[in-house]
Amino acid sequence: MDTSRRRVSRDKGRVWRYVESGRNLAGCAGGLAGLALTFTGVSGAYWPLVVVGLYGAGALIAPPERLAVPHFPDAAEQLGVLREDFGRLREYVASVELPPAAHGRAVELDGLLGALLGHEEWASDPDGFHVLTRAVREDVPEAVDTYLRARWWTRFTASGEPPERLLEHQLGLVQRELAGVAEGLRDAVERQRESHTYVLEERSDTGGGGASGAGLRGPAGKRRRPPMP
């Protein structure tokens, strides 16, 4: 019964989409032209064929329907979603009782992730943004979840590495990877700052800045070279 209703609903939707389509509207315009020819006596006894033929011709020559271009989130939208995911990750980690050493790692990692997500430069660094995304959505939650499951099993077996030590090690590896991302971000900001300084120096010299331009030069009046990309 439900399958039949869904099929009827889909068929009705297709009918209404065609009724509202440009092909049907163009065909209706052709059909109206055929009726006009009928009323003026041009079509004669073959007026039904004329109306149907003009409707079909209008539907055939109508341009195809333009499909809406799919929307893909830009870098700002992706960063906003990742910040929301980071907020949920914070709530999850805060609800777990971690051992002291792993808790310290988690606090440091939380501060580092929060600082990195506070920047807007990730549109020009997709690799770094991928590392952030993986840390928030995969690495940290999986490490904590694995610790919780392993901690339960250690009550029955004492073999293997203690789960709290493995958790601390995993969080340390994530922190080390994110520290490399932070270093790359700092270098990119520094290069941008130096490049902007060089542009200002060039503009000052071109505009006849005189002493102002000379004041921004390096030792012995040498011009600073633009940073390498």
Side-chain angles (χ1 to χ4, degrees), residues 66-200 224 226-229:
R66 292 187 59 184
L67 299 177
V69 178
H71 171 72
F72 299 102
D74 57 16
E77 292 174 324
Q78 294 180 22
L79 181 58
V81 174
L82 186 58
R83 285 169 176 167
E84 295 176 359
D85 293 343
F86 177 56
R88 287 190 287 270
L89 176 63
R90 273 179 162 174
E91 295 176 359
Y92 169 67
V93 175
S95 65
V96 177
E97 184 179 354
L98 299 177
H103 177 73
R105 285 285 190 184
V107 171
E108 295 175 358
L109 192 57
D110 179 271
L112 181 56
L113 278 170
L116 289 173
L117 290 173
H119 288 270
E120 305 289 341
E121 291 82 1
W122 299 115
S124 58
D125 187 10
D127 294 335
F129 186 77
H130 174 71
V131 174
L132 284 179
T133 303
R134 185 174 57 196
V136 171
R137 297 175 179 171
E138 298 178 19
D139 295 339
V140 176
E142 184 175 346
V144 175
D145 181 67
T146 302
Y147 160 74
L148 294 177
R149 289 186 281 113
R151 184 181 61 176
W152 186 83
W153 280 107
T154 54
R155 295 184 299 178
F156 305 98
T157 174
S159 60
E161 186 176 6
E164 58 271 13
R165 186 179 303 171
L166 181 59
L167 173 62
E168 180 187 0
H169 178 62
Q170 290 174 340
L171 295 180
L173 292 176
V174 177
Q175 183 180 5
R176 186 185 308 172
E177 187 176 26
L178 291 176
V181 173
E183 184 72 18
L185 177 63
R186 189 190 69 177
D187 292 343
V189 172
E190 181 65 20
R191 287 195 300 269
Q192 183 180 7
R193 185 185 66 85
E194 293 178 356
S195 177
H196 184 60
T197 301
Y198 179 79
V199 170
L200 292 177
R224 286 196 292 265
M228 296 298 292

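For the numbers below, each heavy atom of this structure counts, side chains included, while hydrogens, waters and symmetry mates do not. In this text, all values refer to a predicted model and were calculated from it rather than measured experimentally.
Looking only at side-chain heavy atoms (C-beta outward), L109 and V93 stay at 4.5 Å or farther from each other.
Residues A150 and P163 come closest through the heavy atom pair CB-CB, 3.8 Å. Nearest heavy-atom pair, L167 versus Y147, reported as atom, atom and distance to 0.1 Å: CD2-CG, 3.6 Å.
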D127 vs W122, side chain to side chain contact (heavy atoms under 4.5 Å, CB included): CA-CA, chis, key distance, verdict: CA-CA 9 Å; D127 294 335; W122 299 115; over 6 Å; no
Residues F86, L113; criterion side chain to side chain contact (heavy atoms under 4.5 Å, CB included); working and verdict: CA-CA 8 Å; F86 177 56; L113 278 170; 3.6 Å; yes
Worked check of side chain to side chain contact (heavy atoms under 4.5 Å, CB included) between Q170 and V174: CA-CA 6 Å; Q170 290 174 340; V174 177; 5.7 Å; no
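Applying the side-chain contact (heavy atoms from CB on, under 4.5 Å) rule to A182 yields the partners L112, L116; only residues at least two apart in sequence or on another chain are considered. Applying the side chain to side chain donor-acceptor pair (under 3.5 Å) test to E108 and every residue at least two apart in sequence or in another chain returns Q175. Every residue meeting the side chain to side chain donor-acceptor pair (under 3.5 Å) condition with R83, not counting sequence neighbours, appears here in chain and number order: E120. The side-chain contact (heavy atoms from CB on, under 4.5 Å) check on D74 picks up A76, E77, with sequence neighbours excluded. H169 meets the side-chain contact (heavy atoms from CB on, under 4.5 Å) test with L173; sequence neighbours excluded. With sequence neighbours left out, Q78 forms a side-chain contact (heavy atoms from CB on, under 4.5 Å) with P73, F129.
To the nearest 0.5 Å, atoms CG (L82) and CZ (R137) are separated by 5.0 Å. Distance CG/L171 to CG/L98: 7.5 Å, rounded to 0.5 Å. Expressed to the nearest 0.5 Å, how far NE2 of H130 lies from CG of D125 amounts to 12.0 Å.
Within the structure, salt bridge (charged side-chain N to carboxylate O under 4.0 Å, His left out) contacts touching residues 166-178 (residues at least two apart or in different chains) are R134-E177. Under the salt bridge (charged side-chain N to carboxylate O under 4.0 Å, His left out) criterion, the residue pairs touching residues 88-106 are D85-R88, R90-D110, with sequence neighbours excluded.
Heavy-atom contacts from other residues, nucleotides or ligands closer than 6.0 Å to NE2 of H196 number 12 or fewer. For H119, the NE2 atom sits in a packed shell: over 12 heavy atoms of surrounding residues, nucleotides or ligands are nearer than 6.0 Å.
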